[in-house]
Student: 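Below is the structure I would like to discuss, written out as structure tokens.
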Amino acid sequence: MKDIELQKTYNPKIVEEKIYNFWQTKKLEHSEIDLNKQPFVIVIPPPNITGALHMGHALNNTLQDVIIRYARMNGYNTLWVAGTDHGGIATQNVVERLLLKEGKTRNHLGREKFLEYMWHWREQTGDTILMQLKKLGCLCDWSRTRFTMDDVCSKAVYKAFIRLYNEGYIYRGDRIVNWCPRCNTALADIEVEYRQQKGKLWYIKYPLKEDNSRFIVVATVRPETMLGDTAVAVNPTDARYKNFVGKTAILPLMNREIKIVSDDVVDPEFGSGAVKVTPAHDTTDFEIAQRHNLEIFKVIDEDGRMINVGKYTGMERFKCREQVVEDLTSLGLIEKVEDYTHNVGVCYRCSTVIEPLVSQQWFVKMQDIARKAYNAIKEGKVSYYPENWKEHTLNWLENIKDWCISRQIWWGHRIPVYYCKEMKTQECETKNGIIVSEENLQSCPYCGSENIVQDEDVLDTWFSSALWPFSVFGWGVNENNAELKYYYPTQILVTGYEILYLWVARMIMMGLHFLNEVPFKEVFVHGIVRDLHGKKMSKSLGNVIDPLDVVEKYGTDALRFTLVSSTTAGRDIHLSEESFVLSRNFMNKIYNMTRFILMNISQQDVQLIKDWIKNFSSLKTSSLNIAEEWIVYELNLLITKIKQYYKKYLLGTIAHELYEFVWFKFCDWYLETAKIDLQKDERKVTTLGLLLVILNKILKLLHPIIPFFTEYIYQNIKSFFDEEEKESILNTKFAEEFELEFDNFKVLSYNVIKNIISEIRSIRNEFKLPLNIKPNIIIVAENQKILDTIKNYSHYIIRLSLINDICFVNKYTDEFKKPLHSATAVFEITKEFGTLELYVLLEEIIDLEKEKQRLKKEIEETEKFFISLEQKLNNFEFLTKAPQNEVEKVKEKYLLTKEKIEKIRRYYQQL
RNA sequence: GGGUAGUUAGCUCAGUGGGAGAGCGUCCGGUUUACACCCGGAAGGUCGUAGGUUCAAAUCCUGCACUACCCACCA
């Protein structure tokens with residue numbers, strides 16, 4: 001694959017295609033049980049089969065891929081399990097919409113045909129997203145791909161249900177559930193979103209039975225529900241209503257007698273202080289009804305239409321509201337109407353206003369199960385990154401409610417419960433005719449009756465998701481299998497915070513309950529992808545950035561690099577198109593830097609360079625020049641930092657550090673000095689060898705983030721290394737620090753040279769020197785050693801700052817008079833080396849007024865700092881209370897700054 | 001109503017006790033042959049606000065304002 005092309009621009013499309021095909025043949029992602037190696041496992045948050053890849057997926061999976069590749073390069077037996085989620089209501093909605101286009105509804109087809117249709121649809125399109133993940137470079141072991149409704153996972157679902165049922169954790173009960181009249185199903189509390197909505201608060205007069213000229217006034221935002229009222233409640237301490245409690249009121253429009261009761265939940269401050277009680281359609285009212293044994297009277301059906309209410313029957317609930325208000329108004333029973341803003345619950349899928357409905361549902365009793373999870377998290381068996389989500393999860397677990405797991409749809413795991421209609425035996429009767437069975441039953445196992453029916457409902461989609469970390473390893477088929485033993489618990493779960501409770505907490509609970517071990521040791525929580533201004537991406541806002549478009553335009557690696565570098569500790573990500581341009585440019589930069597290196601290698605040098613690289617590890621830094629020593633030193637610092645950041649999963653910081661090092665240190669500085677070295681034949685091999693060694697390290701550091709690009713470059717340079725046997729960069733070891741002893745003086749000297757060059761450039765710009773004017777400069781120092789070192793490398797300064805020549809002056813031994821027509825700068829180095837003066841000889845070009853201003857500004861800035869140092873040192877408390885090394889540091893800076901400022905002042909005055 | 005996070009350059013964000021940083025944008029200058037998807041330079045900030053702790057605060061604490069998200073049964 002030696003084909004770095006001559007084009008000046010990196011073409012991701014061609015390269016990524018090539019590398020993708022290369023990987024396809026290598027099956028690098030495959031993992032097998034290897035007891036000699038430590039496993040490092042990630043189980044994917046399974047995307048919904050309806051989903052086309054969006055930015056959230058791209059982010060989530062890129063992060064996982066970075067982590068898995070890093071672990072892989074550190075010698076772990078990595079496994080990333082892929083799969084998809086059947087997605088319950090969301091998926092059924094999508095398919096029903098498709099059906100509707102054909103003019104059909106699910107009821108036309110019937111359950112069986114409808115499911116057939118759905119499975120067929122899934123076969124055709126369900127794996128699209130997995131293909132897209134593959135293209136993203138995700139190192140999932142595709143041979144293990146699972147689906148929440150495949151045989152293996154379904155077995156786990158039934159097994160879990162039956163076990164929970166037998167253990168007494170699953171029960172069936174009457175509850176007020178959040179009903180979505182559009183989706184026609186119950187929703188869990190966490191599937192309900194609240195929206196603030198402007199509404200009205202109606203005050204309605206209910207006449208008293210004993211004296212219909214007297215009224216009790218109730219306030220409500222939902223007048224239509226009054227038709228189902230079975231009581232009025234007031235606070236027991238409310239003096240206004242003391243005499244009403246126990247009396248009977250007449251429900252207007254319905255002319256039903258209802259009781260007036262007292263209950264603590266009623267807030268006397270709100271509205272009129274009296275509450276209408278509609279047990280069938282309000283959670284609080286339902287609770288009141290249970291405490292007072294009130295009748296439950298259902299007036300709204302599953303489609304959101306009125307029932308059992310005479311002339312209102314069949315009306316849509318909001319239409320009915322208008323009608324009720326109109327009728328009450330004409331009866332003179334509306335006392336007043338107020339504007340009122342309140343929260344309305346809506347379905348998280350379709351935003352339809354939720355109707356609280358009383359109905360029979362299956363529930364999981366959560367308290368015991370949650371306590372186990374609570375303790376495990378508290379004990380640190382699961383670590384959260386960033387940590388603050390730990391506390392959130394604990395809070396949620398503490399206040400957990402029972403989990404409604406039945407859903408009134410067809411797509412999903414059908415609840416494995418049968419009802420015997422006959423109950424012919426005693427045994428059958430004690431069981432209430434409820435049969436829980438994984439098998440497809442034809443007759444009742446208790447009484448033999450063939451008159452049995454299976455529960456119509458399916459399980460909440462999150463029920464199967466909660467089992468995902470172990471169902472994928474075949475727990476449902478055989479819970480003692482070797483894979484489960486080896487791979488479970490997994491290492492880390494990567495997810496957005498929006499499903500922390502919906503999913504993550506439940507996995508922890510189920511993992512602990514069924515396997516007695518947490519399903520993952522770590523949870524990495526990332527934010528949600530938003531647009532540049534923090535708005536959620538949505539089609540209606542038109543601010544969606546499609547990852548596939550980005551890949552098309554800028555390449556997969558650019559997408560990945562941007563996503564990773566935008567990730568900061570659990571915060572939301574604000575994406576803009578231009579951020580991908582930056583990443584694309586970064587890739588191009590490295591591409592060209594590589595081209596430069598390879599272009600400079602002549603055929604006859606290849607072997608020499610290989611030999612040099614082979615011996616590099618035994619080299620001493622003394623054979624390196626200061627630029628080389630500096631860059632190697634900086635690279636070591638970088639590697640150390642990056643390894644630490646990985647421990648804390650600070651992936652965004654890692655991307656930033658790499659960007660900075662490669663561009664600003666390696667390319668802008670080292671490569672520029674290397675160009676100068678390359679002109680001397682005797683330095684050529686060393687320079688090129690070192691450039692390749694560093695490039696190789698950089699590739700490895702970058703590989704987890706931009707795998708395609710780094711693989712491509714690696715394939716083009718790997719022949720220089722003893723790594724011929726490594727087919728892919730993925731099989732190499734992650735970059736380690738060089739084991740070298742550094743000479744701090746060399747590093748320091750190089751930094752001084754850098755500063756001198758920058759300063760000269762700045763002066764050139766300030767005085768608008770054209771490029772063809774190359775002034776002479778004078779460097780004055782107090783220390784001969786540093787003067788000699790700079791002298792040795794003066795060619796760097798001459799080339800990089802475009803000057804003619806340098807004159808070196810030792811302040812103590814040489815005669816020196818400050819040249820008048822020059823621009824001046826003073827540098828502080830260290831206590832040992834003192835300060836250094838720079839004169840750029842400008843002769844008649846200089847504008848002395850400008851130089852004056854330049855120095856004045858410098859003096860002002862330095863003075864500000866100097867005064868702060870002085871104040872510190874004059875402060876007795878600072879001297880006594882601050883740590884000694886801080887005081888020392890300030891003292892040193894003080895002396896240096898003093899020297900500097902005095903010098904600049906003197907020059908200023910001479911002008 | 002409760003909780004959490006955020007408020008730093010025009011924009012997007014780093015920085016968690018010792019001289020305010022990056023990228024983009026802006027302005028100035030560049031065919032320095034790896035890269036114009038580039039190079040060099042510059043301007044731009046009383047670090048939301050009011051207090052407090054400390055020798056020292058963008059950084060720690062408290063109040064307030066605004067923003068975002070999560071949670072909650074207030075009709």
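Proteins get letters first, then strands, A, B, ... in listed order; numbering begins at 1 in each.
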Student: How do Thr653(A) and Val266(A) order along RNA chain B: which one's closest nucleotide is nearer the 5' end?
Tutor: Thr653(A)
Student: Does the cation-pi check pass for Lys675(A) over Phe596(A), that is, NZ or CZ under 6.0 Å from the six-membered ring centre and within 45° of its axis?
Tutor: yes
Student: Output the rounded distance in Å from CD (Glu398(A)) to P (C70(B)).
Tutor: 21 Å
Student: Could you give the CD-to-P distance, from Glu287(A) to C74(B), as a whole number of Å?
Tutor: 12 Å
Student: Quick one, give me the B/S/- string for nucleotides 34-47 of chain B, reading 5' to 3', where B means a protein heavy atom under 4.0 Å from the base and S means that only happens at the primed atoms, P, OP1 or OP2.
Tutor: BB-BSSBSSS----
Student: Distance check, C1' atoms only: G25(B) and A68(B), in whole angstrom units.
Tutor: 26 Å
Student: From the list A75(B), G18(B), C24(B), which nucleotide is the closest neighbour of the side chain of Phe878(A)?
Tutor: G18(B)
Student: Nearest whole angstrom, please: distance from the C1' of G23(B) to the CD of Glu657(A).
Tutor: 14 Å
Student: With a distance cut-off below 6.0 Å to the six-membered ring centre and an angular limit of 45° from the axis, does Lys390(A) pair with Tyr384(A) as a cation-pi contact?
Tutor: no
Student: Checking all strands, does Tyr340(A) fall into the base, sugar-phosphate, or nothing category for heavy-atom contacts under 4.0 angstrom?
Tutor: sugar-phosphate
Student: Can you confirm if the aromatic rings of Trp669(A) and Phe664(A) lie within a centre distance of less than 6.0 Å?
Tutor: no
Student: Looking only at heavy atoms, what is the nearest atom pair of Val353(A) and Val346(A), with distance?
Tutor: CA-CG1, 4.1 Å
Student: Assign His656(A) to base, sugar-phosphate, or nothing according to its heavy-atom contacts below 4.0 angstrom with the strands shown.
Tutor: nothing
Student: Heavy atoms under 4.0 Å, any strand shown: does Glu886(A) hit a base, just sugar-phosphate, or nothing?
Tutor: base
Student: Could you tell me whether Tyr554(A) contacts a base, only the sugar-phosphate backbone, or nothing, with contacts defined as non-hydrogen atoms closer than 4.0 Å?
Tutor: nothing
Student: Taking atom P in both G18(B) and U59(B), what distance in whole Å separates the two?
Tutor: 11 Å
